[in-house]
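Encoded as structure tokens, the structure appears first; notes follow it.
In what follows, chains are A, B, ... by sequence order, proteins preceding strands, each numbered from 1.
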Amino acid sequence: MNERREPQGPTRLVASPARLHRVADVAETSEGAQELAPGSPEAFLRVGEAAVGELGTGAVGRTGQIDLERPDDETMIINMGPQHPSTHGVLRLMLELDGEVVLRSKPVIGYLHTGMEKTGEELTYVQGATNVTRMDYLSPLNNELVFSLATEALLGIELPERATWIRMLMSELNRISSHVMWLATNGMDLGSTSMMIYGFREREMVLAFFEKTTGLRMNHNYIRPGGVAADLPDGWEDDVTVICDTIEARTYEYDELLTGQPIFRERTIGVGAISAADALALSATGPILRSTGVAWDLRRDMPYLAYDQVDFDVIIGTYGDNFDRYAIRLNEIRESIKIVRQIVEKMPGGDYRVQDPKVTPPPRARIDESMEALIHHFKVFTEGFRVPEGEVYTAIESPRGELGCYLVSDGTSKPYRLHIRAPSFVNLQSLPVLLRGGLVADAVATISSVDPVMGEVDR
Amino acid sequence: MSSASSGNMVGAEGPIAVAHTTGSDGTDVAHPTREQYHALVAQYRADGFETCADLCGVDYLTHPGRSGLPEGIKPERFEVVVNLLSLQLRRRVRVRVQVPEDDPVVDSLIDLYPGTDAMEREVFDLFGIRFSGHPDLTRILMPEDWEGHPLRKDYGVGRVPVQFKEAPGPR
């Protein structure tokens, strides 16, 4: 990666901020507030500062490339989505175009909003994991993990070591499956249908192991407050080793297929670039932040589970463009494989869930012989357990960035407030900055490189 | 928890004295008044908290006597909770500001952290808390013409009418 990269798109002079005063030329619509709001001159004057209020629509940013004094009728606003296949779900984008160059843009979301945070307030902590697991459907185990960690922080319970390591194993395998899925869809967006098939094929291997362990391919409800639902199946070491060996070998096939491929490089290098200051200001995390050269990975910098006991590298980029994000995700698959191999070696024995009768239902065998155990079992699954009053924010590194859970308990068995800080939701704000000054044909690849999962964006 | 102490932060505009507590997760929690809120967050930003990780609202309608608030802070119905993150210090800090029901307005943080744009829109959409200074405070998750703010505690969960059950409850 030695060649110089230039952001694509025509270079024009910056003109006076006059044009920013005008109201965006959206046709009359009943959905008035969904227009692109007019930019403000104050925002324009602060170009170069990271904290700019108008950064949200990309009204400022790389203004140097865009002629601001063009007559209004020369730009066009088009809607992309919500049913466009490349928008990865029901994402709608409003793009302001000058010919083929994207000026401002605005993501319009909410098409998949099902009020999961509200639902979470009606479910007990035992049921809660079944709810949150459906948010980010490509890494469901990470959602369960952050919810369970938040609940356990409120309960103040210590997990057995084996439960922690099983969680770490599943979380890393989930990262692999999520990233190969991303490689698949990103490949498809760039016209590489082979990559799409390969990505799905690799993901299938991981999902088969998930099915064997948790009973389900998605929405597992496997990681629960108090531990995990079941121990790993017999022979799991062999299964996991086969997954690691196969996928690791295939990442080098992807290298041959994409990394050095001239068309792929042309379409990704220098496209959709963002600076580290902008990424931080827009609260972007995960591969977007790391692609700008900021080495921030919660697994290393604020370790949870037992990540301080395994050895891995944090992959960062330099230019913050689509190619860097591709390279980061590809290499993160290799790092996850490295972690999984260490977990296979170091997996401690012991119990897979905490033996706290308040949180843990009695073993199945006890229910047949003890009336009290049956009552206890019944109570855990109907009433749930009481969680001490308090509020807690926990965060983990999901494949998409910082996945946080803000949990408020009022002392009952249901969360008083369950808020999930969804990385896709926050990262989507950097999309207008990434798209600015690029070609509309590259917008598809850039949306994909943000890796939004709409289930998580809209919750 | 709730080991209330008064912490002084020194910044460019002089120290802002706000009450601090410790959350259940051991995080330092600052409790500014609405007037102090923006200045306090600005001071945190100057002190090295580069990014705003999260901003969300809580409606304490049915749980008004919550613990964890320091003395001198009057509990109000709404709370805006901001989680700031410092990469250089590897530290988090939480800011909880009380927002009264009859005047649910707080300052927007968008001039400090542009990343709060979508988060503040979400809180406005789901709680009806307004952020003064936000350039585009519109609904983000719910439809444009939606009435009410769904995450408020007096807003029903919704129910699908089921045969052999009583009449459907509130929306």
Side-chain angles (χ1 to χ4, degrees), chain A residues 30-34 37 40 43 50-57 106-110 113 115 117-119 121-122 150 153-154 156 278 280-285 289 294 296 301-302 388-395 402 404 406 408-411 416-417 419 421 425-426 428-430 458-459, chain B residues 1-2 23-27 29 45 50-60 62-63 65-68 79 81 83 85 87 90-92 94 96 108 110-119 121-122 125-126 133-145 150-151 153 155 157-158:
Chain A
S30 60
E31 299 177 324
Q34 294 188 6
S40 67
V52 182
E54 297 291 314
L55 214 49
T57 53
K106 182 179 178 182
V108 181
I109 59 172
H113 178 61
E117 289 183 1
K118 184 86 175 173
T119 312
E121 293 172 5
E122 300 295 319
L154 282 171
D278 284 354
L280 278 174
L282 288 168
S283 305
T285 46
L289 182 59
V294 179
W296 182 257
D301 294 302
M302 288 181 161
E389 215 183 312
E391 40 108 44
V392 69
Y393 179 82
T394 48
E402 174 174 327
Y406 183 68
V408 181
S409 169
D410 59 349
Y416 187 76
R417 170 88 168 99
H419 170 72
R421 188 262 191 216
F425 175 71
V426 182
L428 211 52
Q429 296 184 91
S430 49
D458 293 339
R459 291 163 309 210
Chain B
M1 45 181 263
S2 72
S24 308
D25 48 354
T27 311
V29 187
R45 184 168 182 269
E50 304 99 338
T51 187
C52 174
D54 188 31
L55 185 147
C56 69
V58 186
D59 178 5
Y60 280 103
T62 57
H63 181 42
R66 59 210 184 260
S67 64
E79 223 177 76
V81 183
N83 277 287
L85 172 64
L87 277 64
R90 295 187 183 182
R91 202 156 70 83
R92 288 180 192 279
R94 189 150 59 236
R96 290 169 64 180
S108 172
I110 199 163
D111 53 333
L112 301 169
Y113 300 105
T116 55
D117 179 2
M119 306 178 203
R121 280 179 69 192
E122 187 190 341
D125 188 359
L126 302 179
H134 192 292
D136 183 28
L137 201 61
T138 49
R139 286 191 183 272
I140 184 166
L141 294 177
M142 304 301 287
E144 283 295 307
D145 53 353
L151 273 182
K153 286 285 176 182
Y155 190 98
V157 197

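Both the backbone and the side chain of Thr62(B) have a heavy atom closer than 4.5 Å to some heavy atom of chain A. With a threshold of 4.5 angstrom between heavy atoms, Arg91(B) approaches chain A through N, CA, C or O but not through any side-chain atom. Contact annotation for Glu402(A): only side-chain heavy atoms (C-beta onward) come within less than 4.5 Å of a heavy atom of chain B. Proximity to chain B is limited to the backbone of Ser409(A), based on heavy atoms less than 4.5 angstrom apart.
Among Asp125(B), Leu87(B), Val58(B), the residue with the largest count of heavy-atom pairs under 4.5 Å with chain A is Leu87(B). When each of His63(B), Met142(B), Met119(B), Glu50(B) is scored by its heavy-atom pairs under 4.5 Å with chain A, the top score falls to His63(B).
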**Working for side-chain contact (heavy atoms from CB on, under 4.5 Å), residues Glu79(B) and Val408(A)** = CA-CA 12 Å; Glu79(B) 223 177 76; Val408(A) 181; over 6 Å; no

**Message:** The test is side-chain contact (heavy atoms from CB on, under 4.5 Å); show your working for Thr51(B) and Val294(A) and say whether it passes.
**Reply:** CA-CA 12 Å; Thr51(B) 187; Val294(A) 179; over 6 Å; no

**Request:** Output, in order, the C-alpha distance, side-chain angles, deciding distance and verdict of side-chain contact (heavy atoms from CB on, under 4.5 Å) for Lys118(A) and Leu126(B).
**Result:** CA-CA 10 Å; Lys118(A) 184 86 175 173; Leu126(B) 302 179; over 6 Å; no

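From Leu85(B), atom CG reaches atom CG of Asp301(A) across 9.5 Å, with rounding to the nearest 0.5 Å. One finds the OG1 atom of Thr116(B) at 7.5 Å from the CD atom of Gln429(A) (value rounded to the nearest 0.5 Å). Annotation: the span from His113(A) atom NE2 to Glu122(B) atom CD amounts to 8.0 Å, rounded to 0.5 Å.
Between the side chain of Arg417(A) and the main chain of Gly57(B), a donor-acceptor pair closer than 3.5 Å is present. Using a distance-only test at 3.5 Å, with no hydrogens or angles considered, a donor-acceptor pair links the side chain of Tyr416(A) to the main chain of Asp59(B). A donor-acceptor pair is defined here as one N or O able to donate and one able to accept, closer than 3.5 Å; no such pair exists between the side chain of Glu117(A) and the backbone of Leu151(B). With hydrogens and angles disregarded, a donor-acceptor distance shorter than 3.5 Å links the side chain of Asp25(B) to the backbone of Tyr393(A). Counting only distance, with no hydrogens or angles, the side chain of Tyr406(A) and the backbone of Leu55(B) share no donor-acceptor pair below 3.5 Å.
Considering all non-hydrogen atoms of both residues, Ala53(B) and Arg421(A) come closest at O-NE, 2.6 Å. Minimum heavy-atom separation, Gly115(B) to Ser283(A): CA-OG, 3.7 Å.
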